[in-house]
Amino acid sequence: MFSNVAIGDSEAVRKPHSIPLEELRRAYDAVVLAYGASSDHDLRIPGENLDGVLSARSFVNWYNGHPEFKSLHEQTLNLKNVKHVVIVGQGNVALDCARILAKSPAELATTDISAHAVKALENSAVETVTVIGRRGHVQAAFTIKEIRELTKIDGVHPRVFQEELALGMTSASVKELENNRPKKRITDLINTIAAESTTTMEKKRLVDIRFLLNPAKVVPSLADSTKVGSLEVERTKLVGEPFAQKAVKDDSVSSPITLPCDLLLKSVGYKSESISSTLPMNARNHTVQNEKGKVSDSPFLYVVGWLKRGPSGIIGTNIGDAKETVATMINELPEASKHSTDPWQLLVQQHPFLSTEAVTWEEVQKMDAYEVKAGKQSNPPKIREKLVDIEQMIQVAKS
């Protein structure tokens, strides 16, 4: 295994050094693309380009210590000035962001969240986090684990509004709940939260989970017209058959609802990007065109995961998906040419930078051990202290 190696056309991967995909294919008998979905869908509403509007992916990369996002809090994410956060989307990523923003610094200090994120969150002024979705609670994509964790955070009061639950319980939604035990458990928990939402509690932060709201406009702050100040949302209603319901504007509600918002996180889905002009991409769903994992018109090139079928599903979904691709590949590999030379050494000869920049599995283990040791030595001790600088990573790996 070799990491810190950019694959694809230099413009596509935006790295000074990279290996074109076609060159990699010539060196190896088969190539499997498994690089997922690294870009975001937009809301496509006015004001989306204001400061303080970020993708949830950027926020997650920031607190998880991705080197390219380590300075996000210094540039566009100043939590000292953020009282109200709105997260658009209701998948697990959206709830993870809400959980991180709601937790106390003491709870985060012993986790593997990056040190710069813990420091920024210590100075956070966040009072409310509002998670909104266009459809109802039955259609929400989060799992029970994520919603339950919100109920267990000290100093946080999660809220759900009974009237929005009632609006979402169409006859089609009732049908969707039949014989669906996981969804019924989530619905029971949401109803419990809603029943407790009217109770006045001495909590520091509120986490509101709102349904049947569609973002319509990002409104600038009165104090600074370059920054987000609020989000206008429209009430929606569900129409359609079970498992095919869509959220449409509810014309019976004439005025938009205004949510105060100092930070807006977009969590409305990911999309994959092409790393090569030779890669046949589906322009509609941003996946690689393939037949059972074999890339169209590309001998011995294969694809798995979100890049293959789109950004949905969890690890279990990916396992079955990968098995299909592997079966296709095994059936074709006897036809592949066999190289007489080590393909990696051939690439190193053609690209000398690989000898100093590429990181082996053994060197990755060095970085892992370094992070774990640093975590034990931190105050308070934590799972690990992540390396967030690429030059330092390589220095540790090559030491």
Side-chain angles (χ1 to χ4, degrees), residues 36-37 40-41 54-66 85-105 107-108 110-114 117-118 121 124 126 128-161 164-165 168 173 176-177 180-197 201 203-213 263-270 306 310-319 383:
D40 311 281
H41 283 292
L54 302 171
S55 69
R57 178 183 60 86
S58 298
F59 183 72
V60 171
N61 282 335
W62 169 72
Y63 71 70
N64 275 330
H66 191 300
V85 181
V86 177
I87 304 173
V88 180
Q90 292 189 327
N92 286 339
V93 172
L95 263 62
D96 282 342
C97 291
R99 177 172 53 85
I100 294 299
L101 287 162
K103 274 193 170 184
S104 69
E107 290 176 292
L108 295 172
T110 57
T111 69
D112 64 350
I113 289 177
S114 58
V118 172
L121 289 162
S124 169
V126 171
T128 67
V129 180
T130 304
V131 184
I132 69 171
R134 293 182 299 111
R135 297 192 292 171
H137 62 287
V138 177
Q139 295 77 37
F142 52 71
T143 57
I144 195 166
K145 177 178 179 289
E146 275 65 31
I147 189 73
R148 185 186 288 126
E149 283 188 6
L150 283 177
T151 68
K152 297 181 177 180
I153 303 175
D154 289 338
V156 171
H157 183 25
R159 299 192 303 182
V160 174
F161 300 100
E164 292 179 346
L165 299 186
S173 292
E176 289 176 24
L177 283 176
N180 192 336
R181 186 170 178 270
K183 276 292 182 184
K184 285 182 179 179
R185 292 177 62 211
I186 293 174
T187 298
D188 289 343
L189 178 56
I190 288 175
N191 282 322
T192 299
I193 295 171
E196 297 173 350
S197 293
M201 303 181 72
K203 298 284 187 176
K204 182 179 179 182
R205 286 174 176 154
L206 296 173
V207 177
D208 290 342
I209 304 174
R210 305 288 305 272
F211 303 101
L212 299 167
L213 296 175
L263 172 65
L264 176 61
L265 299 179
K266 303 177 292 183
S267 186
V268 291
Y270 301 104
W306 284 10
S312 64
I314 54 177
I315 292 175
T317 319
N318 285 323
I319 290 174
I383 297 171

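When reading the values below, keep in mind they use all heavy atoms of this one structure, side chains included, and skip hydrogens, waters and symmetry mates.
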Identify, with sequence neighbours excluded, every residue that meets salt bridge (charged side-chain N to carboxylate O under 4.0 Å, His left out) alongside E149. R99, K145
For E164, enumerate each residue passing the salt bridge (charged side-chain N to carboxylate O under 4.0 Å, His left out) test, keeping only those at least two apart in sequence or located in another chain. R210, R235
For [X], all residues meeting side chain to side chain donor-acceptor pair (under 3.5 Å), sequence neighbours excluded:
| X | result |
| --- | --- |
| T143 | N92, E146 |
| S114 | H116 |
| W62 | H73 |
| N180 | none |

Heavy-atom closest pair, residues [X] and [Y]:
| X | Y | result |
| --- | --- | --- |
| S267 | A94 | OG-N, 3.7 Å |
| A37 | Y270 | CB-CB, 3.7 Å |
| L108 | V118 | O-CG2, 4.1 Å |
| G89 | V131 | O-CG1, 3.2 Å |
| P158 | L150 | CG-O, 3.9 Å |
| V129 | V126 | CG2-CG1, 3.8 Å |

Looking at T187, L189, I190, which hits side-chain contact (heavy atoms from CB on, under 4.5 Å) with I144?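 That would be L189.
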Judged by atom type as modelled, is there a donor-acceptor pair below 3.5 Å linking the side chain of [X] to the main-chain atoms of [Y]?
| X | Y | value |
| --- | --- | --- |
| R205 | K103 | yes |
| S173 | G168 | yes |
| K183 | V138 | yes |

Is any side-chain heavy atom of [X] closer than 4.5 Å to a side-chain heavy atom of [Y]?
| X | Y | result |
| --- | --- | --- |
| I147 | I209 | yes |
| F211 | Q90 | yes |
| L265 | L101 | yes |
| P105 | L121 | no |
| L264 | V88 | yes |
| D96 | V60 | no |

Under the ring-ring contact (aromatic ring centres under 6.0 Å, His included) rule, collect the residues that match up with Y63, sequence neighbours excluded. F59
Looking at residues at least two apart in the chain, or sitting in another chain, which of them share a ring-ring contact (aromatic ring centres under 6.0 Å, His included) with F142?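 Result, ring-ring contact (aromatic ring centres under 6.0 Å, His included) vs F142: none returned.
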Would you please name every residue forming a side-chain contact (heavy atoms from CB on, under 4.5 Å) with [X], sequence neighbours left out?
| X | result |
| --- | --- |
| K152 | R148 |
| T110 | P380 |
| R159 | H157, F161, S197, L206, D208 |
| D188 | none |

Atom pair [atom1] ([X]) and [atom2] ([Y]), whose distance is rounded to the nearest 0.5 Å:
| X | Y | atom1 | atom2 | answer |
| --- | --- | --- | --- | --- |
| K266 | H41 | NZ | NE2 | 11.5 Å |
| I100 | T111 | CD1 | OG1 | 6.5 Å |
| I113 | E107 | CD1 | CD | 10.5 Å |

